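A short write-up of the structure that comes next.
Lettering of chains follows the sequences in order, A, B, ..., and the numbering in each one begins at 1. All of these numbers come straight from a predicted model, not from anything done at the bench.
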2 protein chains.
Amino acid sequence: MIKTFIIDDHPMVIAGIWQMLQNADNVQVVGSASDGYAALEALKKQPADVALVDINLPDLDGIELCKKLRERFPKLKILGLSTFKERSYITRMIDAGASGYLLKNANGEELSEAIEAAYRGRMYMSMEAALTIARPVATQPELPILTSREKEVLALIAEGMTNNEIAEKLFISPLTVDSHRKNILAKFGVKNTAAMVKYGMEAGFI
Amino acid sequence: MIKTFIIDDHPMVIAGIWQMLQNADNVQVVGSASDGYAALEALKKQPADVALVDINLPDLDGIELCKKLRERFPKLKILGLSTFKERSYITRMIDAGASGYLLKNANGEELSEAIEAAYRGRMYMSMEAALTIARPVATQPELPILTSREKEVLALIAEGMTNNEIAEKLFISPLTVDSHRKNILAKFGVKNTAAMVKYGMEAGFI
DNA sequence: TTTGCTATCCACGAAAAAGGGGATTTTTCA
DNA sequence: TGAAAAATCCCCTTTTTCGTGGATAGCAAA
């Protein structure tokens, strides 16, 4: 039996996975957590072979958690789990050491297959995820990657703060804030604040 | 036993709800569907008392589905279900005839309580949802009403166009565009374009 | 018929952002 | 340890927006 641990902030999803895996003969769910730090704690006491990690967690995001898990539990295999099929999420999750990526519309069969594959050291990709990363890059606008400082500044801009106000709040020079602002504009490929906020919200940065 | 029907595009969530309600003594899950039209079909053959409707469905959104369900199955009670706790979603769902609103982080107890309440003709609100709409009106301004011209201008602003560009596009003076812009700022109670776009998107104008 | 709302237009000055450079110091990671 | 990336700071000019304050015409409801 492959010991599996679930990390997701929605009890419904945890219950659903639990249910789906109940009559799998190769997989056993040994525990679950609703945020990243709880998972890191719980896994100390309750070792597992495979972890299902939601990308969207309240404390640290799935990618960060994936890295931390890989550090502390090198033998643990990780499967990313989310509703997003954006290319950058998938590739970043794989970069962070995940053994695959599943969408939340997976069924029980796919779940146990994926867990089995990860456990055996193979890579598992749900069909949609595979299609997404296999598609030529030209037709696939890459979600730009913002640094944490840039995300911070972007959020404050969206709050309606000016460069000066943000500078004061972050204890940095207004010129620095302006630099971040310009970098975000460039990364998003937009020409003003309005389009930047719209893009940022649609891409989930805000 | 209250006959309950689940509509959600994630098998995991359906399985989770099913699981959570398994040992409830007042509720019985009688079916599920993964999109709106399938639900409308299935409910013809399999009547139910209460439907749990996800806001985000692949074909028609929860609000539309809610209206259609109310038309065709007037006795059916509807509970909105989603991860979003934004006011506009909640109120629009209620306007569409729903008997309440649940967040996906609800547990089994809350679920069966909500279903029971809806069945008995009462309104159920998850704690967060209730807090969102129950907040005094002073701190919770009603959604401002934009004129159609203002909405048009707002959309173009969010596209990243300047006053001059918008003026050209709409065959009006840039000064007029500026007036609209100022009126939107005033109605939203914000002080710049960034906050305006954010507000506009959250309120569903964009 | 007055009142209110919408859409249109205007002026002036101050503030902020955009566009276009460069530069230095930490951090991170391979 | 050394290169790359992130975060920090700087200058100058032009464009755009913001904050005041107006005004006019049209239309619809009270």
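One interatomic measurement links the two molecules: CG of D178(B) to C1' of dA11(C), which rounds to 11 Å at whole-angstrom precision. The nearest whole Å value for the distance from the NZ atom in K182(B) to the C1' atom in dC12(C) is 10 Å. In this structure, R181(B) atom CZ and dT20(D) atom C1' are separated by 17 Å, rounded to whole Å. What separates CD of E71(A) from P of dT28(C) is a distance of 13 Å, to the nearest Å. Taking atom CE on M161(A) and atom P on dC18(D), their separation rounds to 16 Å, with Å as the unit. Computed from coordinates, the L175(A) CG to dG19(C) P distance equals 17 Å when rounded to whole Å. Rounded to whole Å, the distance from CD on E168(A) to C1' on dT8(D) is 18 Å. Straight-line distance from the CD atom of E159(A) to the C1' atom of dA16(C): 18 Å, rounded to whole Å.
In this structure, R181(A) does not pair ionically with E150(A), as no charged nitrogen and carboxylate oxygen lie closer than 4.0 Å. Between K104(A) and D8(A), at least one side-chain N (NZ, or NE/NH1/NH2) sits under 4.0 Å from a carboxylate O, which counts as a salt bridge. We find that E159(B) and K198(A) are joined by a salt bridge, their nearest charged nitrogen and carboxylate oxygen being less than 4.0 Å apart. Residues K67(A) and E71(A) are not paired through a salt bridge, judged by the lack of any N-O separation under 4.0 Å between the basic side chain and the carboxylate.
Remark: side-chain polar atoms of E168(A) are not paired, donor with acceptor, to backbone N or O of E165(A) under 3.5 angstrom. For R70(A) (side chain) and L76(A) (main-chain N/O), a donor-acceptor pair under 3.5 Å exists by modelled atom type.
Note: D54(A) CG to D35(A) CG = 11.5 Å, rounded to the nearest 0.5 Å.
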Identify all pairs in which a protein N or O lies below 3.5 Å from an N or O of nucleotides 24-30 of chain D, and state each distance.
none

Detail all sub-3.5 Å separations between protein N/O atoms and N/O atoms belonging to nucleotides 4-8 of chain C.
unit_1	atom_1	unit_2	atom_2	d
dA7(C)	OP2	T147(B)	OG1	2.4
dT8(C)	OP1	R149(B)	NE	3.4
dT8(C)	OP1	R149(B)	NH2	3.0
dT8(C)	OP2	R149(B)	NE	3.0
dT8(C)	OP2	H180(B)	NE2	3.0

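Within the 4.5 Å cutoff, the side chain of L52(B) has no heavy atoms near those of the F5(B) side chain.
Side-chain N/O atoms of N164(B) include one lying less than 4.0 angstrom from OP1 or OP2 on dT16(D).
Aromatic ring centres of F188(A) and F205(A): separated by under 6.0 Å.
For K191(A), counting side-chain heavy atoms from C-beta on, the closest listed nucleotide (dG19(C), dA16(C), dC10(C)) is dG19(C). Side chain of N163(A), nearest nucleotide from dA17(C), dG19(C), dC10(D): dA17(C).
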